[in-house]
Q: 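This is the structure I want to talk about, given as structure tokens.
Within every chain, numbering begins at 1; the chains are lettered A, B, ... in the order of the sequence lines, protein sequences first and strands thereafter. These values consider heavy atoms only, across backbone and side chains, with no hydrogens, waters or symmetry-generated copies.
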Amino acid sequence: MPEPSFEEALEQLEAIIERIEQGKVGLEVALAEYERGVALVRRCRDILTSAEQRVEELSRKMVEKAERRADEEE
Amino acid sequence: MTERLPFRAAESNAARSAPPAPPSPTAGNEASGQSAPLTVSRLASLIGTSLRSAFPGALRVAGEISGLRERTHWFFDLKDAEAAVNCVMFATQARRAGFTPRDGMAVVVTARVDYYARSGRISLVCEKMEPVGAGALDLKLRQLVEELRALGWLDPARKRPLPTFPRRVAVVTSRTGAALQDVLITMKRRCPAVGVLVVDTRVQGDGAAAEVVAAINTVSRLHAALGVDALIVTRGGGSAEDLWAFNERIVAEAIVHCSIPVVAAIGHEVDTTVAELVADERCATPTQAAMRLAPDSDALLRQVGVVARRLGAAATQLPIARRRHLGQIAAELDGAGRKALHRDAARLAALLPRLERNRPVELHARLRARTNELASALTRALHLRIQPERIDDAARRLERAAATVVRDRAAIVEARERQLGAVSPMRVMERGFSVTLRTDGKVVRTVADAPPGEEVETRVVDGAFRSVVQGQRPIAPGSDPAPRPARRRAAPDDAPGLFA
């Protein structure tokens, strides 16, 4: 599974907290969810604090590569 | 003198079309002044005719509008530095012009020359009017905007929301322009995590529009593979001509059909281009466009902090929260089971801290599971009490049950009917049995019922006959080899009860 985007991570995190807060899951499940939540918080912070800006210019090569990938997905 | 062609033509036309033939305005006549003078109307008619033949078709005339009187019809002069001509454009044609002329506007009219005899004026009757120069561009732009508006492309409802945290933003602009630098600096300052994909295009001059269109279409088609979630189309300020590429219909079309949201920032704040009108979001400057798409890292970090604290609190207060939950349920319960449930809940609540302390893991888990079960049982119990839909449901079930009962009853009646048919005496008689009655109507059951000399009536399946008993022969029960009728009903399809 690819690493979640910031939005996905935040969404999953909200869902986890809600489940734990509502107390609908057992303690074991709640603890596992908590661990996953901690990892997601880390992921969000990593995304936000990365200082490097990735700037690329669209080249013919990139277009060709993207086209191949788009074809494969179809 | 005879070479003055217009007048020659006019003369011959007039001669043909205006009977009775008037005196011809010949050279001799003019010279001598002896012939009868022309009437003014005759002269006017000749002028009109000659004008029409001199300018037989429609003319295109360029000039500047002056002294416009705009009622239902447009009356104005068309002039240049040296001359002026009176013009009229009737309402039907005026409506089709697509714009309203103003004094000083340079236009080209398509018109025919007309001579109005009553006032002696020569006029241009205009059929078409087009602005020229800056006016022409302006008109073209306004007409395009109206067309796109009619297509619904400017409709706010059509515009898509921008992603709150795009993975990557494509920037369609000139690689060398200041606009790109503004975008990059702003994006880096606000959120370096958002990638930038620069798509270099010319942004002014011939072919610029086509390049911008190609860039937008490429990103649109490959956005998934390129990981691009939004697109910025931008360029810095310039003259109206410099920005013109972004007023082209093909650019508007590419933006509208783009598969990801488009932010447009073209020129300075005062400039509005078609590209900006149809974009999902219009920004005044490239910097603003970048701000609009790059999330605010600091604000988001604060948000993540809040979420992280909530997560921690949720986890550490888990047992406490559950205890409170049970207490709440107990408190909310009323009616017959209230006290018992309350006691259970209170006991469970009191048990929880001990559960947390006591460490045999298995026991812990089991008790925890039991607690959960009881908690959900309590919840269910509570819900049973308070949910009106449960009552509805019960009512429906009751109805269904009642319907079933009625159906079952009907089936029983049917079965009984069938049984009744089977036990009908007629059926039995068909098999050879008969009933014998005395004259008083009593059924003869035993030999004692019919002593010798008694007159009896015996009924069989198709009638009855009378006879007189001549003798008796009692049978000892059990010793008779003849089958007792009662035995016959051992067969299951036989009539039950009749011979019982």
Q: Before accepting this row, confirm whether a basic side-chain N of the pair Glu281(B)/Lys159(B) lies closer than 4.0 Å to the acidic partner's carboxylate O.
A: no
Q: When you measure from the side chain of Asp182(B) to the backbone of Pro286(B), do you find a donor-acceptor pair of N or O atoms at a distance under 3.5 Å?
A: no
Q: Tell me, yes or no, whether the heavy-atom count around Glu67(A) atom CD, taken from other residues, nucleotides or ligands under 6.0 Å, exceeds 12.
A: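 Yes, enclosed.
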Q: Distance alone, cut at 3.5 Å: any donor-acceptor contact between the side chains of Thr234(B) and Thr173(B)?
A: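 The answer is no; no qualifying pair exists.
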Q: Among Ile16(A), Val41(A), Thr49(A), which residue forms the greatest number of heavy-atom pairs with chain B at distances under 4.5 Å?
A: Val41(A)
Q: Who wins among Arg167(B), Arg175(B), Met187(B) for the most heavy-atom pairs under 4.5 Å with chain A?
A: Arg175(B)
Q: Please classify the contact of Phe6(A) with chain B as side chain, backbone, both or neither, using a heavy-atom distance under 4.5 Å.
A: side chain
Q: Has Ser220(B) got a side-chain atom pairing as donor or acceptor with Ser259(B)'s backbone, closer than 3.5 angstrom?
A: yes
Q: Counting only non-hydrogen atoms closer than 4.5 Å, does Glu52(A) touch chain B with its backbone (N, CA, C, O), its side chain (CB onward), both, or neither?
A: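 Looking at Glu52(A), just its backbone touches chain B.
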Q: Tell me, side chain or backbone of Ile47(A) under 4.5 Å from chain B's heavy atoms, or both, or neither?
A: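 Both parts, backbone and side chain.
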Q: Below 4.5 Å from any heavy atom of chain A, which atoms of Thr218(B) appear? Answer side chain, backbone, both or neither.
A: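 Contact with chain A: side chain only.
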